[in-house]
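Remarks on the structure that follows.
Order of the sequence lines sets the chain letters (A, B, ...), proteins ahead of strands, with each chain counted from 1.
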Amino acid sequence: MKLNRQQELAVRHVDGPILVLAGAGSGKTRVIVKRIANLITDAGIYPWHILAITFTNKAANEMKTRLETMLQESDSRKITVGTFHSVCTRILRFEHNALKLSRNFSIADEANQLTRIKRALKETGANPDILTPKLLISKISRAKNQFETPETWQNKSGYNPFNKTFAEIFQLYQQGLKADQSLDFDDLITETVRLFQNEPHILSKYQDKYRYILIDEYQDTNNAQYMFVKLLSGRYRNVMAVGDDDQSIYQWRGAEISNIINFHKDFPGAKTIKLEQNYRSTQIILTAASALMRHNKKRNPKTLWTDIQGGELIHLETWLNDKEEARAICRNITNKVNSGFRKYSDYAVLYRVNAQSRVLEEAFQSQKIPYRVVGNTSFFKRKEVKDLLAYIRLVLNTGDSVSCRRILNVPRRGIGKTTLNDLEEVAVRNGTDLFSSIGLLLQTNQLNSRKHQSLEAFVSLINALKKIDQENNAEDVVRHLLQMTGYRESFVIHASAEAKASIEIIDEFVNTVADYVVHGDGSLSGFADYLSLYSDDEDGDLGADTNQVQLMTLHNAKGLEFTGVFIAGLEEELCPLIRNNKESLSAELLEEERRLLYVGMTRARQELHLYNAERRFLYGREMVRQPSRFLYEIPSESLKQVDHARDMMQKTKSNPAAARKSFNSGDRVLHATWGTGTVVDCSGDGPTAKVVINFDRGLKKKLLAGPANLVHLNRNISRIKT
DNA sequence: GGGTATATGTCAGCA
DNA sequence: ACATATACCC
């Protein structure tokens, strides 16, 4: 397809800063890829001078693949494509000396951060109900991205006790990371920026290396990432920032929309190009999505347009509950596929929170529809993966005490609480890491022989693995690791289904490392980075079953497109999400939620299906739901609306059989006015039976079964029982 | 020291 | 409903 005028201008741009405001579906990835190709083939720029930064690893891989098809392999290989985190990790590992950091520093993932925060909370004795671990992590993240340190917080905390506690925890957290030779995700960026600031010759080297910088999803960059770009581009100023303020959905984690708005101030003389033609969606879908977005006040007005006239109306279906919703989605997809014009992979089901995937997965399984949950990091959250990763981290960096503590007694080797406490004490007293403290404790000769033996065995195990790592690839190390620790065998003994699942995960882990050795550099440290930075699980073997429906969160759908999109759970408090009933939704958050739905809607090419349910099982209980306010912001002429919940209620109402059912205490029932409740007592039979019900909204009512038209919620009984 | 039963908190989104 | 944290027992 030919480029349009604006796209052409962006692709042909060579020198100087340029901002590309690219609306949804306006072909921005194509523009970035073509411009890179153009820089090399037409402008004669060396490929190693080009740095392309994407938001996810997935996007990076896709870009690499597309570049490979357009360029000679010798060229495409030399272009640097990656996320901020992966690019910075590479720089830090290379320049570790200047930072007085081990080359094999560990990357602390979220779980690792959490254990550190919890420990710091305990140490300070702060109340974890007010400063919750999660809140602390996000506060620290924000502080770091503003280049604030525990010290600056100490100074500015003044008399505010919360700030003071925060400063203390921040300090402990940071000390812990440092002692363990670990960096968290934010450090990866901020430490690179500090390196650039403190070592002009290093900055100069990289400025010279990366003369052409392209950044995708610029609306989602944070302050530290901005600083990185600003410094790195300082000499040549060849920055192309591509983004769309309407698709900014990461402000919650520090993304600053001002980066895109202030681009001209930051890079004087910058060109601006607006891509407003949408090549993806039908007029109907685009009109509806634009109408939704007009409710946002803080945005640059824009007029997206499309050549793809008309199209199907957007379907809006209301169901009685989340199970019915999931079943309906499955039925609709099956019908479409059976019609012969669509395949499973044409469809994606999007939702606001990962917890929604469960009901959907159950429905897909029972209807035998092939599906894949995208971006769900469940594999990386598995205990087995964390354990093995902890081993790897410890082998690479024995200073990593958090990892050491995790696997010191996994599998069981008789090093329990008491010994661990002793070791920690030795570590603190000598100012060493946990692993070194084992050697120190062994020297004291104060241990009984059993303890002595198991500790000694552990040390030699790790040392042996270190040696193996020096001469072998990551796969060999992992295989030796499993063999020497007996980790896999520790599950084989148990015949339980749980143990079987564990073994499957371990085998999958081995496959992952084998795959990495084939496709990556094969090193253990490279593999550890891969595991730490690639939280979106790529599904290495994409060749297998690709004809699957994709399930993912709205966030994960960014940058993707599908022929048909189903969005589930369009209800108040879920979309827009309100986590805390006490807290009201700020205007900023509401607008971000709206943008998130906008991103979801604009993923659709031909079909868009929206769903809401009147009841939903969430946070451990069934809740009565209200339709999302966003549904009222979509013009009704774009919608084809069916209320199946109402139909179902009416059907049961007109069916006297329902009234004849007798009720038992414990039964879950539904009443047209009072909603759901639990039967606590029932006397009599048939329509004249007197039923006492505790309604979920807090009312207790005595009703006559007949006129009350109670509906048995049998479909929910299995859930309520457990 | 280790395993299991019970209590408690969590399900926001991501690199 | 699930996962983790602690409490308690062997």
Between A/N354 and B/dG13, is there a contact of a side-chain N or O with OP1 or OP2 at under 4.0 Å?
yes
Which pairs count as side chain to side chain donor-acceptor pair (under 3.5 Å) when at least one residue sits in residues 106-115 of chain A, sequence neighbours excluded?
A/S106-A/N397, A/S106-A/D400, A/D109-A/R393, A/N112-A/R116, A/Q113-A/Y173
In whole Å, what is the span from the CG atom of A/L597 to the C1' atom of B/dA12?
16 Å
Among A/Q225, A/K558, A/R253, A/Q247, which one satisfies side-chain hydrogen bond (donor to acceptor under 3.5 Å, both in side chains) with A/D220?
A/K558
Side-chain N,O (A/T56) to OP1/OP2 (B/dC14) below 4.0 Å
no
Counting the atoms with a prime plus P, OP1 and OP2 as sugar-phosphate, which does A/K558 contact under 4.0 Å by heavy atoms, base, sugar-phosphate, or nothing?
nothing
Take atom C1' in B/dG13 and the same atom in C/dT4, then report the distance between them in whole Å.
22 Å
Could you tell me whether the phosphate oxygens of B/dC14, OP1 or OP2, come under 4.0 Å of any side-chain nitrogen or oxygen in A/N556?
yes
Whole-Å gap separating P (B/dC14) and CG (A/L577):
12 Å
For A/D109 and B/dA15, give me the distance from atom CG to atom P, rounded to whole Å.
13 Å
A cation-pi test, strictly: NZ or CZ of A/R194 under 6.0 Å from the centre of the six-membered ring of A/F147 and no more than 45 degrees from its axis. Yes or no?
no
Write out a two-atom table: protein N or O, nucleotide N or O from nucleotides 2-4 of chain B, distance below 3.5 Å.
from, atom 1, to, atom 2, distance (Å)
B/dG2, OP1, A/G414, N, 3.2
B/dG2, OP2, A/N409, ND2, 3.1
B/dG3, OP1, A/R412, NH1, 3.1
B/dG3, OP2, A/R412, NE, 3.3
B/dG3, OP2, A/R412, NH1, 2.2
B/dG3, OP2, A/R412, NH2, 3.4

Could you check whether A/F55 gets within reach of a base, just the sugar-phosphate, or nothing at all, counting any heavy atom under 4.0 Å?
sugar-phosphate
Please give, in whole Å, the distance from C/dA5 P to A/K122 NZ?
9 Å
Starting at CZ of A/R595 and ending at C1' of B/dG13, how long is that distance when rounded to a whole Å?
13 Å
Checking side-chain polar atoms at under 3.5 Å, does A/E361 have a donor or acceptor matched by the opposite partner on A/Y371?
yes
Testing the 3.5 Å rule here: is there a donor-acceptor pair between the side chains of A/Y516 and A/D521?
yes
Partners passing side-chain contact (heavy atoms from CB on, under 4.5 Å) against A/A289 (at least two apart in sequence or in another chain)
A/Y598, A/M601, A/T602
Given ring pair (Phe, Tyr, Trp, His ring centres under 6.0 Å), test A/H295 with A/F630 step by step and report yes or no.
CA-CA 9 Å; A/H295 288 81; A/F630 297 148; 8.8 Å; no
Kindly confirm whether the side-chain ring of A/W252 is stacked on the base of B/dG13, judged by centres under 5.5 Å and planes under 30°.
yes
Expressed as a whole number of Å, how far does the P atom of C/dT6 sit from that of B/dC11?
16 Å
Please determine if a side-chain N or O atom of A/K383 lies less than 4.0 Å away from the OP1 or OP2 oxygen of C/dT4.
no
Using a 4.0 Å heavy-atom cut-off, does A/T419 contact any base of the nucleic acid, only the sugar-phosphate backbone, or nothing at all?
sugar-phosphate
Would you indicate what A/Q356 reaches in the nucleic acid, counting non-hydrogen atoms under 4.0 angstrom: base, sugar-phosphate, or nothing?
nothing
Could you tell me the separation between the CG atom of A/L574 and the C1' atom of B/dA12, rounded to a whole number of Å?
10 Å
Looking at C/dA5, I'd like to know if its phosphate oxygens (OP1 or OP2) sit under 4.0 Å from a side-chain N or O belonging to A/K118.
yes
So, OP1 or OP2 of C/dC2: does either fall under 4.0 Å of a side-chain N or O from A/R358?
yes
Taking atom C1' of C/dA3 as reference, at what distance in whole Å does atom NZ of A/K134 sit?
13 Å
Within this structure, what is the CD-to-C1' distance between A/E592 and B/dC14, rounded to whole angstrom?
12 Å
Qualifying residue for side-chain contact (heavy atoms from CB on, under 4.5 Å) with A/F84, from A/T192, A/N222, A/I215, A/T54
A/I215
No-H, no-angle donor-acceptor pair, A/R253 side chain to B/dA15 base, under 3.5 Å
no
